[in-house]
Novice: 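Here you go, one structure.
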Amino acid sequence: MTDTESQQFSFKAETKQLLNILAHSLYKDREVFLRELLSNASDALNRLRFEMVTNHNVLDPSAELKIHITADKDSRILTIQDTGIGMTRDEVIENLGTIAQSGARKFLDATRDQKVDFSQVIGQFGVGFYSVFMVAEWVRVTSHSFNPEAEAVSWFATGDDSYEIGPAEMSERGTKIEIKLKEDAAEFAEEYRVKNVIHKHSDYIGFPIYVGESKEAVNKQTSLWRTSKQEVTEEQYKEFYRQTTLDFEEPLTHIHMSTDAPVQLYALLFIPSKAERGIFSLRKDDGLKLYSRNILIDEYNKDLLPEYLRFVQGVVDSEDLPLNVSRETVQSSGLMPKLKKVLTNQVIKELENLAKNNAEKYHTFWQEFGVYLKQGVAAAPADADSINPLLRFKTNLNPEAWSSLEEYVSRMKEGQKEIYYIVGEDPKSVLRSPHLDYFHSQGTEVLLLTGPMDSFMLMGLHKYKDFDLKNVAQADVDTSKKPKEETEAERMPESDFGGLVDQFKKVLGERVTDVRASNRLVQSVARLADADANTNPELQRVYKYLGKEYEIPKKVLELNPSHGILKNLLKLELGSELQNIIIEQIYDSALLVEGLHPDPSSIAPRVQQIIEAALTRKTG
Ligand code: ADP
Ligand code: MG
């Protein structure tokens with residue numbers, strides 16, 4: 001083989017498949033091919049600039065770093081030429097022939113999922129170059145490496161199974177891509193159309209793009225986050241988000257800010273609409289991209305926001321950060337805490353605004369990311385004042401809607417001094433809790449805390465404004481106020497009740513610390529109360545979740561002396577098997593509604609015994 005003649009190479013299987021799809025399908029967003037080629041040109045220019053920092057032995061060292069596009073309507077040829085790093089013959093084969101294998105496979109997988117608008121994301125799979133075959137009859141790449149010893153090379157393909165490599169005439173440094181447009185893609189041979197695509201997709205490329213004879217660059221040449229808000233469209237924000245995350249869902253909202261004091265920064269942050277990263281997500285970790293003067297210095301920086309805001313995506317760029325720094329020096333520069341403070345405040349402010357201006361959207365946010373904020377309440381007490389107003393709750397009186405603490409307080413009854421909550425396993429069963437009997441009967445609102453993170457949150461949430469938060473299970477209630485419409489069921493005689501209490505104690509033994517009468521139960525037979533007012537039921541639950549050695553806490557079993565079940569229980573033979581298993585069942589049921597039962601299914605055999613007993617009585 002000599003370098004003076006062309007040579008044919010075959011594309012690898014996956015690349016062939018990819019090219020076949022690109023060449024023979026009709027896509028509405030074909031214009032993105034230009035974005036991909038311009039992004040490659042920009043990469044090549046960046047790499048050249050980097051090379052020139054240390055290496056002076058470069059072809060055409062004084063040539064302007066730029067991209068030049070020409071469009072010829074008559075021949076339908078579009079040319080994109082850059083003065084970047086260029087490619088040698090081997091590099092052309094490697095980069096445009098072989099290397100895209102795994103990217104092509106992943107991309108093919110991704111496009112099988114119909115939801116994926118592939119034209120938006122093709123560049124992310126390392127196969128962006130091939131998107132040119134959506135519009136090309138043929139493509140010729142001519143390149144001359146920055147290395148003065150290298151020779152120019154040409155690559156030619158029609159989108160079929162093979163490509164040709166051969167020598168080329170090109171004295172200047174860089175890469176030229178000539179595209180013979182398909183007939184139905186002739187629009188891209190029009191300058192105005194080309195400019196329009198540049199504005200839409202490539203305005204932020206950091207090198208000038210010239211079109212035709214004009215000496216004036218078409219693009220803005222600055223990054224999106226450094227562009228002023230007024231100049232950025234909603235669509236550009238969305239596209240930027242898509243490109244950086246590969247999340248196919250639109251973000252819930254974005255935060256675009258720039259400040260000069262106390263620190264200089266530009267930030268473009270996004271709140272995703274889903275907490276879970278999609279399978280194709282480009283983001284493999286939490287954290288923000290940190291730039292210093294437009295240059296990426298950390299891909300996943302976790303020090304810019306508190307942990308409880310780790311779902312936020314985006315870019316932060318600060319002129320105050322020293323350039324060419326290691327992570328360690330960034331850490332020790334003392335700048336990070338300042339940046340973190342500014343950004344945290346801004347994200348919280350944005351969430352407040354969202355809650356105020358678009359409650360529905362905020363509730364969507366809350367459903368996805370509420371647990372993060374709850375975690376924040378527990379983990380970052382210093383931020384409580386700003387996080388607490390963002391919390392949302394279901395309540396016994398409004399079990400379907402989300403209420404803020406502020407709304408709860410505004411609905412509080414006169415004289416109410418505490419914010420009541422109940423902790424339980426799930427929103428439905430907690431409503432049946434005997435602890436709520438009294439509050440239901442009084443029409444008092446109670447927050448329903450049934451999420452796994454709620455017990456943790458309570459460790460940091462003791463007060464809102466002037467109101468302490470109080471667990472209804474432990475709240476002191478004024479039972480002299482009798483429920484209004486409740487017709488007072490008759491209490492069983494004291495002596496009878498005493499006998500029953502003894503039997504409960506005998507059956508339950510060590511499992512309870514005491515059995516006694518309660519005045520606050522209405523519908524419920526019994527409830528479990530803490531023996532000691534200082535016990536912390538939240539902590540018990542936290543232990544249960546953490547899987548720490550967990551024992552059922554010993555509690556006081558309180559009975560409702562007016563309840564029909566207890567009256568009838570008394571009619572059974574004292575100490576009979578049926579009476580005993582019903583006592584067991586009353587205790588187990590109380591544990592269940594408390595969410596403290598260690599083995600709920602163990603109840604089934606006993607329930608069966610009780611059913612059998614009930615049936616024998618009916619039929620016997
Ligand atoms: P990616 O840009 O993600 O690597 P592409 O398919 O867009 O994937 O490009 C493949 C490779 O071809 C690039 O990584 C680069 O090495 C090379 N390449 C493409 N265009 C140019 C160019 N204009 N100048 C130099 N190299 C280029
Ligand atoms: Mg690319």
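Both ligands and their constituent atoms are indexed starting at 1 by order of listing.
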Novice: Under a 4.0 angstrom heavy-atom cut-off, which atoms of ligand 1 come close to Leu96?
Specialist: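 So the answer, numbered in order with elements, is 12 (O).
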Novice: Could you walk me through whether Arg89 and Gln7 satisfy the side-chain contact (heavy atoms from CB on, under 4.5 Å) test, starting with their C-alpha distance in whole Å, then the side-chain angles of each, then the deciding distance to 0.1 Å, before giving a yes or no?
Specialist: CA-CA 11 Å; Arg89 185 178 191 277; Gln7 211 191 349; 2.9 Å; yes
Novice: Are side-chain heavy atoms of Leu354 and Lys361 found at a separation under 4.5 Å?
Specialist: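 Counting from C-beta outward, Leu354 and Lys361 do come under 4.5 Å.
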Novice: Can an N or O of Ile177 be found at a distance shorter than 3.5 Å from an N or O of ligand 1?
Specialist: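 In fact, backbone or side chain, Ile177 has no N or O that close.
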Novice: Please answer whether the main-chain N or O of Ser162 pairs with a side-chain N or O of Asp160 as donor and acceptor at a distance below 3.5 Å.
Specialist: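 A pair under 3.5 Å: no.
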Novice: With a 6.0 Å cut-off on ring centres, are Tyr372 and Phe369 close enough?
Specialist: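 Judged by ring-centre distance (under 6.0 Å), Tyr372 and Phe369 do meet the cut-off.
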Novice: Looking at ligand 1, does any of its N/O atoms fall within less than 3.5 Å of an N/O of Met87?
Specialist: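 So ligand 1 has no N or O lying under 3.5 Å from an N or O of Met87.
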Novice: Which pairs pass salt bridge (Lys or Arg N to Asp or Glu O under 4.0 Å) with one or both residues in residues 124-145, sequence neighbours excluded?
Specialist: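 Applying salt bridge (Lys or Arg N to Asp or Glu O under 4.0 Å) to every pair that reaches into residues 124-145, excluding sequence neighbours, yields Arg76-Glu137.
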Novice: So that I can tick it off, tell me whether Asp184 and Arg30 are bridged by a salt bridge, with the cut-off set at under 4.0 angstrom between side-chain N and carboxylate O.
Specialist: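 Yes, this pair counts.
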Novice: N/O to N/O below 3.5 Å, does that happen between Glu36 and ligand 1?
Specialist: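 Glu36 vs ligand 1: no N/O contact under 3.5 Å.
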Novice: Please state whether the separation between the Mg ion (ligand 2) and some N/O/S atom of Asn40 is under 2.8 Å?
Specialist: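 For Asn40, the answer is yes, given that an N, O or S atom comes within less than 2.8 Å of the Mg ion (ligand 2).
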Novice: Pairs of nitrogen or oxygen atoms closer than 3.5 Å, one from Thr175 and one from ligand 1: do any exist?
Specialist: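 Min N/O separation from ligand 1 is below 3.5 Å for Thr175.
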Novice: Where the closest heavy atom to atom 10 (C) of ligand 1 is concerned, which of Val132, Asp82, Asn95 has it?
Specialist: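 Looking at heavy atoms only, Asn95 sits closest to atom 10 (C) of ligand 1.
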